[in-house]
Undergrad: 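Pasting a structure below so you can have a look.
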There are 2 protein chains.
Amino acid sequence: MNDLEVRQLRYFVAVAEELHFGRAAARLGMAQPPLSRTIRDLERQLGVTLFERTTRQVKLTGAGEVLLRDARTALEAITAAAHRARHAGSTSPRLRIAIKADIDGGLLPQILDAYGTDPAALPTELVLGGLGDQPKALRDGLADVALVLRPMDDRGLDSESLITEPVLVAMAATDPLAARTELRLADLAGRSLPSGAPADGGRAVPRRPGVTRPASNLSEIFSLVETGSIVFFAPASVARRNPRPGVAYRPVSDLPNCTLAIVWPQDARSPAVAAFVRVACTIAATRRTQAEPQMQSTTA
Amino acid sequence: MNDLEVRQLRYFVAVAEELHFGRAAARLGMAQPPLSRTIRDLERQLGVTLFERTTRQVKLTGAGEVLLRDARTALEAITAAAHRARHAGSTSPRLRIAIKADIDGGLLPQILDAYGTDPAALPTELVLGGLGDQPKALRDGLADVALVLRPMDDRGLDSESLITEPVLVAMAATDPLAARTELRLADLAGRSLPSGAPADGGRAVPRRPGVTRPASNLSEIFSLVETGSIVFFAPASVARRNPRPGVAYRPVSDLPNCTLAIVWPQDARSPAVAAFVRVACTIAATRRTQAEPQMQSTTA
DNA sequence: GCGATTGATACCCTGGGGATATGAATGACC
DNA sequence: GGTCATTCATATCCCCAGGGTATCAATCGC
C-alpha cells in the first residue's frame, strides 16, 4: 500500500513509450538493470503486470495502458505544481499568456489594452510557442491563460469561446486550383500540408511528409506555400493579417469554422486570470457585434 | 530543476494542514527534524519560501497556498493512477459506481437493469459512502462513475444532468413550523442541521453544532429529525421514498432545486463508462417526460 | 547450431532519508 | 526582567534503497 513515487512513474512512462528497456534506460541516463528492477518492483507493488515481455519484444498490457494515461496526467500535475509554486513565489508576479503566434485574430492588442486598466490586472507576459501545445503549457503550469483554436484537448481546463471564423486554404497564387473561387477538401487531396505543427486549429487533417524539416513559423510556411510545396489552412483573420503577393486564400466549403477560445486551468483561483478572461470575453463580444456588418461589406 | 517527489508533497501538505512541524511529523509517523529539513530542501529546490515560521507560529505564504492546492490535486492524480492500474489489472474488471445511499432518485435500479443488457456492459459494483465525497472517489480512482447532487466540485470530471427536483425540509411533525404549508429559509434560522455530511447536495448552508456525534446515515438522521433535534434538507425523491410518521416534509420556497447528475473522470476512455452514462441519460430522459404529468397529479 | 540481442539476476557501493541529541528563539508567567 | 516551556533549526550518525558492473539466460536470425 506504499504509494507510487514520481521516479517510478517517470521510468514506467519511458519504458511504455520506448517499449524497449535498453533504449528507455539510455533515455533516462541510467543503466538497464536498475530500470528493469524498478519496473518489476512497481508491478509487485501494484499487484499487476504492466508489460508482456520476452527477450525479443516488450508490449503494454491493458493495465499498463491505463497506467500510462494516468501516469502522464499525474506527472503533468506534479510539474505544474512545481512551476506554479516557483512562479507564485517570484517577486514580480505576472500573468503568463500562452498564444501561438498570429492566431489571436487581432484581438490580443485590444485585450491587453483593456486588461491593463483593470484593477485586478497584473503585468502580462506572452508565452510564445510552448512547443505549439498551449493546453499542455497550462497543464504544466508554464502559463496562466491561453488563446487557442478549438477543438483542443481540454482535460483539466476551463474555456470560453471568443470568436468563430471560417478557415481558408492558403496556396500558391500560381496553383491551378487558385483560379477557382471556392474549393472542397477533396480538391486538395493531392497537396501536402506543413510537416511542422500547422496552425490549423489542431484539426486532424491527414498529413503526409512533404517537406523534410518541420516549418515552425508562419514566414517559413508561407515561403513553402509560395513555392507550391504545400498548402496550408488558416483562420480568416490570419489570412486577413497576412496578405502576400504569391499566396492565394480560398474558402473551403466543407471545412467547419474554427473557434478561438480562451482557456485556463480549471482550478485557477487567481483574480488576475478571472479579470483577463472577463476582459477577453467582453472584447470578443464587441468584436462579434461589429464584425457581422464588416464581414458582409468585406465579402461584398 | 530536479523534479518534485511524492514524499516532499505529502510532507508539505501535512505541514500546511497542521501548521505545526511537530504535529505534522507525528501525523506522518516520523521525527520532526527530518521533516523540517525536507521542507527546507523543498523550498531551496523551488527557490521559494513556503512557510513564514517563527518558533511560535507557522503560516503559509502565497506561494505555499498555491502549492498546497496543486499538491493536493497532484497527489490525487498519483493515488488515482495507482488505484486505476490495480483495478484494471484485476482479473474481474467491474464498473464501480459511487453513490450516496438514497440520493439516486429511485433511478438506479432501472439504470442497472437497462445497463445489464448493454453489449459494452461490465458487471457493476456499488461503492457506497466513500467518505461522502463521490467526486473525490472518482478523482482518487476508487470509482469509475458516480451519481451526485449538483452543485459539486467538478474539477477534472465530466458530468451530465439527469433530473432536477425541488428540495424539501424534513422536520419533526410536532414542530410548530410543520403546521405551515410552505416555509422560507429564514424561518429555519434557529434549527440545527445534521453535523455529519448532510445529503443536501453539498449546498453551503450555515451549520452549527447541534448533535455531538456526526450522523452518517439516513436512519440516524431521521431519528434525530423525529425528536426535533435537527431539520434536514432532502430532494423530493428522497422524501417520497422515506415517508415516516414522525417526520413532516415541507417545501422551502427560496431554496433552489437540486440536480442529480452522473459524473465520471474527464479522461475516462472506457466503453463501459460511456455505455453506463448513455443508459443513465436515457432512463432519466424517459423519467423526466413521465414525471411532469405525475408531478402535477401529485401536487394536485 | 552459433552468435547477437535483450531482458533478468547477482552483487557491491554510495548518497540520502531518517533518528537522536542539542541549540536557539520566542512567548508566558511570576 | 528572569526563568521556563515550547518549538523550529542544526549537527551528527546510521542504514537502506537506488544505481552501477558483471554475468546469465532466452530468443531470433542466419
Undergrad: Restricting to pairs with a member in residues 66-79 of chain B, which pass salt bridge (Lys or Arg N to Asp or Glu O under 4.0 Å), not counting sequence neighbours?
TA: A:R84-B:D70, B:E17-B:R72, B:E76-B:K136, B:E76-B:R139
Undergrad: Would you grab the first and last nucleotide of DNA chain C (5' to 3') that comes under 4.0 Å of any non-hydrogen atom in chain B?
TA: C:dG17 to C:dG27
Undergrad: With sequence neighbours excluded, tell me which residues meet side chain to side chain donor-acceptor pair (under 3.5 Å) with A:T79.
TA: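 A:D140.
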Undergrad: Grab the CG-P distance between B:L35 and D:dA9 for me, whole Å please.
TA: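 The distance from CG of B:L35 to P of D:dA9 comes to 9 Å, rounded to the nearest Å.
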Undergrad: What residues form a ring pair (Phe, Tyr, Trp, His ring centres under 6.0 Å) with B:Y11, not counting sequence neighbours?
TA: none
Undergrad: Throw together a table of side-chain donor-acceptor distances under 3.5 angstrom for residues 269-278 of chain B, partners on residues two or more places apart or in other chains.
TA:
from   : atom 1 : to     : atom 2 : distance (Å)
B:S270 : OG     : B:A272 : N      : 3.0
B:S270 : OG     : B:V273 : N      : 3.1
B:R278 : NH1    : B:D118 : OD2    : 3.4

Undergrad: What pairs of residues pass the ring-ring contact (aromatic ring centres under 6.0 Å, His included) test when at least one of them lies in residues 16-45 of chain B, not counting sequence neighbours?
TA: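 Qualifying pairs, neighbours excluded: none.
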Undergrad: Checking side-chain polar atoms at under 3.5 Å, does B:R150 have a donor or acceptor matched by the opposite partner on B:S159?
TA: yes
Undergrad: Does the side chain of A:P135 come within less than 4.5 Å of A:V263's, by heavy atoms?
TA: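 No, their side chains stay 4.5 Å or more apart.
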Undergrad: Kindly write out the residues that satisfy side-chain contact (heavy atoms from CB on, under 4.5 Å) with B:A24, not counting sequence neighbours, or none if the list is empty.
TA: B:A14, B:V15, B:E18, B:L35
Undergrad: If I take atom CZ in residue B:R40 and atom C1' in nucleotide D:dA9, what distance separates them, rounded to the nearest angstrom?
TA: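 Value for this atom pair: 8 Å.
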Undergrad: Compute the bend angle of the helix from C:dG1-D:dC30 to C:dC30-D:dG1 from the end axes (five pairs per end), rounded to 10°.
TA: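 Rounded to the nearest 10 degrees, the bend comes out at 30°.
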Undergrad: Applying side-chain hydrogen bond (donor to acceptor under 3.5 Å, both in side chains), which residue pairs with at least one partner in residues 54-66 of chain B are found, sequence neighbours left out?
TA: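 Those involving residues 54-66 of chain B do not exist here.
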Undergrad: Please state how far atom CG in B:L42 lies from atom P in D:dA9, giving the value in whole angstrom units.
TA: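 Rounded to whole Å, this separation is 13 Å.
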Undergrad: Is the closest side-chain heavy-atom distance between B:D144 and B:H87 below 4.5 Å?
TA: yes
Undergrad: When we call it a touch if two heavy atoms are under 4.0 Å apart, what does B:R37 touch: a base, just sugar-phosphate, or nothing?
TA: base
Undergrad: Which whole-number value in Å describes the distance from B:M30 CE to D:dC8 P?
TA: 14 Å
Undergrad: What do the steps show when you test B:I39 against B:D41 for side chain to side chain contact (heavy atoms under 4.5 Å, CB included), and what is the final call?
TA: CA-CA 5 Å; B:I39 298 293; B:D41 292 348; over 6 Å; no
Undergrad: Of all the choices, D:dT10, D:dC8, D:dG19, which nucleotide is nearest to the side chain of A:Y11 once you look at every atom?
TA: D:dG19
Undergrad: Measure the distance from CD on B:E43 to P on D:dC8 and round it to the nearest whole Å.
TA: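 In whole Å, D:dC8 P lies 13 Å from B:E43 CD.
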Undergrad: Considering only nitrogen or oxygen atoms on both sides, find all protein atoms under 3.5 Å from nucleotides 21-27 of chain D and state each distance.
TA:
from   : atom 1 : to    : atom 2 : distance (Å)
D:dT27 : O4'    : A:T55 : OG1    : 3.1

Undergrad: By a strict heavy-atom criterion of less than 4.0 Å, which residues belonging to residues 46-53 of chain A are in contact with DNA chain C?
TA: A:R53
Undergrad: Could you check how far CG of A:L28 sits from P of D:dG20, rounded to whole Å?
TA: 10 Å
Undergrad: What pair of heavy atoms forms the shortest contact from A:P93 to A:P123, and how long is it?
TA: O-CD, 3.8 Å
Undergrad: Taking ring pair (Phe, Tyr, Trp, His ring centres under 6.0 Å) as the definition, give me every residue that meets it alongside B:F51, ordered by chain and number, with sequence neighbours left out.
TA: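 With sequence neighbours excluded, B:F51 shows a ring pair (Phe, Tyr, Trp, His ring centres under 6.0 Å) to B:F12, given in chain and number order.
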